[in-house]
Protein chains: 2
Amino acid sequence: MSPTNPSQVRKTPRQRRSAETVEAILTAAAHILEKEGFEAATTNRVAVEAGVSIGSLYQYFPNKESLVRALNDRHTKEILDLLRKRFGELQEAPLKNSVRAIVQTMVEVHRVNPALHRVLVNVVPGIGGLAETRVVEDAAAALLTQFLKARRAELRPLNFELSAFMLVHAVEALTHAVVLERPELLKGEAFVDEASRMILGYLRTSALDHPET
Amino acid sequence: MSPTNPSQVRKTPRQRRSAETVEAILTAAAHILEKEGFEAATTNRVAVEAGVSIGSLYQYFPNKESLVRALNDRHTKEILDLLRKRFGELQEAPLKNSVRAIVQTMVEVHRVNPALHRVLVNVVPGIGGLAETRVVEDAAAALLTQFLKARRAELRPLNFELSAFMLVHAVEALTHAVVLERPELLKGEAFVDEASRMILGYLRTSALDHPET
DNA sequence: AAAGAATGTGAGCTTTTATTCACATCTTCC
DNA sequence: GGAAGATGTGAATAAAAGCTCACATTCTTT
């Protein structure tokens with residue numbers, strides 16, 4: 001398997017029509033996962049929804065799990081690309097604005113397809129995708145570590161890796177939760193304000209460490 | 001169905017031996033879920049592991065999902081009981097200590113059986129347990145809201161419900177992640193320090209809101 | 001145009017899983 | 001001790017799902 005083939009695609013499509021077949025399968029799978037969850041996404045069902053025969057599905061994906069992992073790979077790649085792009089643009093903005101922009105980006109990312117995102121996050125680690133999940137988290141943490149190091153003058157003394165770990169998990173969970181459970185907070189600035197405050201408080205507050213109370 | 005029977009147990013056990021059967025089934029299910037995940041926990045497999053016939057399983061649980069939900073109910077009840085107890089003891093400790101104690105409690109809770117916890121959290125919403133999951137989150141948020149209101153003099157002006165929502169999700173995600181991915185941070189105080197700092201920074205920092213930078 | 005490669009098809013095989021049911025065995029209680 | 005209810009059994013059923021394979025169609029290349 002080639003390095004651009006991390007999810008065990010059986011055959012690499014060589015003609016346009018086969019690329020379209022693969023695309024149709026992935027789209028159909030996404031659709032079913034999103035609307036009806038993992039259990040409903042049987043291989044036969046996906047093939048029908050994709051307007052493709054079950055045999056074609058198995059030509060490109062050796063099993064159901066690899067199909068879902070392929071979808072996850074694509075999904076997380078999109079997220080990481082967007083994050084990398086945003087972090088790149090953030091070099092010289094004031095800290096507060098940068099933080100808001102990052103939060104805003106996380107919200108965008110989660111709003112694209114919240115239901116699918118939820119299913120993937122919950123299911124992928126259990127079907128052999130734990131490693132890939134870790135890779136994504138680590139990549140996000142690395143981006144953030146870079147960011148924090150570049151901004152060290154504006155921050156309290158940090159253990160950068162540890163802080164990046166904390167923030168990646170906290171912000172991911174918060175955006176995930178707000179999108180799924182309190183979408184009304186996204187109408188205005190309420191959520192972005194609040195999350196930014198949490199992050200900035202964490203990154204800058206050192207005077208408050210020691211005093212008891 | 002009695003009020004203490006929220007997970008559709010078919011029959012309420014009346015003799016000790018049947019209570020033991022139910023117990024054996026739940027224990028076996030927990031064991032398999034923990035070690036091998038949701039897919040591996042077939043009803044027949046659970047029955048074998050429990051040393052009980054498959055018929056007995058169906059006497060008490062109408063289907064596989066209800067079994068897993070019952071396990072989740074028990075698990076989340078334990079968590080909530082512990083949290084309620086701790087919040088009760090925290091009335092007059094200094095804020096900083098209280099926050100540390102809460103974080104410490106969340107860590108304890110997650111350390112009891114991290115693998116099972118992960119599976120339940122990921123799987124339960126997808127098998128008809130979304131409502132129960134929300135109930136637990138809401139209960140935790142309510143406890144925290146109470147706590148924050150009682151401490152309002154020591155905090156910046158807060159939207160209590162919103163802050164409780166933010167903190168419940170952030171702290172849950174952080175303890176979940178640290179237990180599963182960075183357990184070494186639990187050897188010393190590193191994680192509790194860091195999480196407490198995040199929380200206190202969020203709850204007390206108001207001077208840092210407006211200045212640009 | 002023709003052959004070989006790539007792609008597509010779907011009936012049906014196999015395995016797995018949930019679930020039932022007719023019957024056996026225990027417990028309670030008179 | 002014995003009847004009635006509670007509990008336990010596991011072979012068997014039925015449905016569902018994953019997956020294969022022999023064959024058909026389309027594309028590329030010369």
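So you know, we letter chains A, B, ... as the sequences are listed, proteins then strands, and number each from 1.
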Contact nearer the 5' end of DNA chain C, comparing A:Glu20 with B:Gly55: A:Glu20
OP1 or OP2 of C:dA18 under 4.0 Å from side-chain N/O of B:Thr43: yes
Between C:dT20 (P) and B:Lys64 (NZ): distance, integer Å: 16 Å
B:Glu181/A:His169 under side-chain contact (heavy atoms from CB on, under 4.5 Å): CA gap, chis, key distance, verdict: CA-CA 11 Å; B:Glu181 297 182 30; A:His169 284 282; 3.6 Å; yes
Passing candidate, side chain to side chain contact (heavy atoms under 4.5 Å, CB included) with A:Ile32, options A:Thr42, A:Val46, A:Val119: A:Val46
Nearest-Å distance for atom pair CG/P, residues B:Leu57 and D:dT9: 11 Å
Whole angstrom value for the distance that separates P of D:dA17 from CG of A:Leu67: 15 Å
Note: B:Arg182-A:Glu161 ion pair, threshold 4.0 Å (strictly below): no
B:Glu65 CD to C:dA18 C1', straight-line distance once rounded to whole Å: 10 Å
Selection from C:dT19, D:dG18, D:dG10 that lies nearest to any side-chain heavy atom of A:Asn44: D:dG18
Residues which pass side chain to side chain donor-acceptor pair (under 3.5 Å) with B:His176, listed by chain and number, not counting sequence neighbours: none
Atom-pair distance (CD on A:Gln59; C1' on D:dT20), nearest Å: 11 Å
Which nucleotide in D:dT9, C:dT17, C:dT7 has an atom nearest any side-chain atom of B:Thr42: C:dT17
Between D:dC19 (C1') and A:Tyr60 (OH): distance, integer Å: 17 Å
Protein-nucleotide distance (B:Phe38, atom CZ; C:dT17, atom P), rounded to Å: 12 Å
Rounded interatomic separation in angstrom, taking CD1 from A:Ile25 and P from C:dG8: 8 Å
Sugar-phosphate, base or nothing in reach of A:Ser56, heavy atoms under 4.0 Å: base
Side chain of A:Ile54 (C-beta onward), nearest among C:dG10, D:dA11, D:dG8: C:dG10
Flag if over 12 foreign heavy atoms under 6.0 Å of CD, A:Gln146: no
Annotated protein contacts, base or backbone, on nucleotides 23-30 of chain D with a non-hydrogen cut-off under 4.0 Å, one of B, S, - each: ---BSS--
Contacts of type salt bridge (charged side-chain N to carboxylate O under 4.0 Å, His left out), residue B:Arg17, not counting sequence neighbours: none
Phosphate OP1/OP2 of D:dG8 contacted by B:Tyr58 side-chain N/O (<4.0 Å): no
Contact under 4.0 Å: B:Ser18 side-chain N or O vs D:dT7 OP1/OP2: yes
B:Thr21 side-chain proximity, nearest of D:dG8, C:dA18, C:dT7: D:dG8
B:Arg86 and B:Glu108 ion-paired at < 4.0 Å: yes
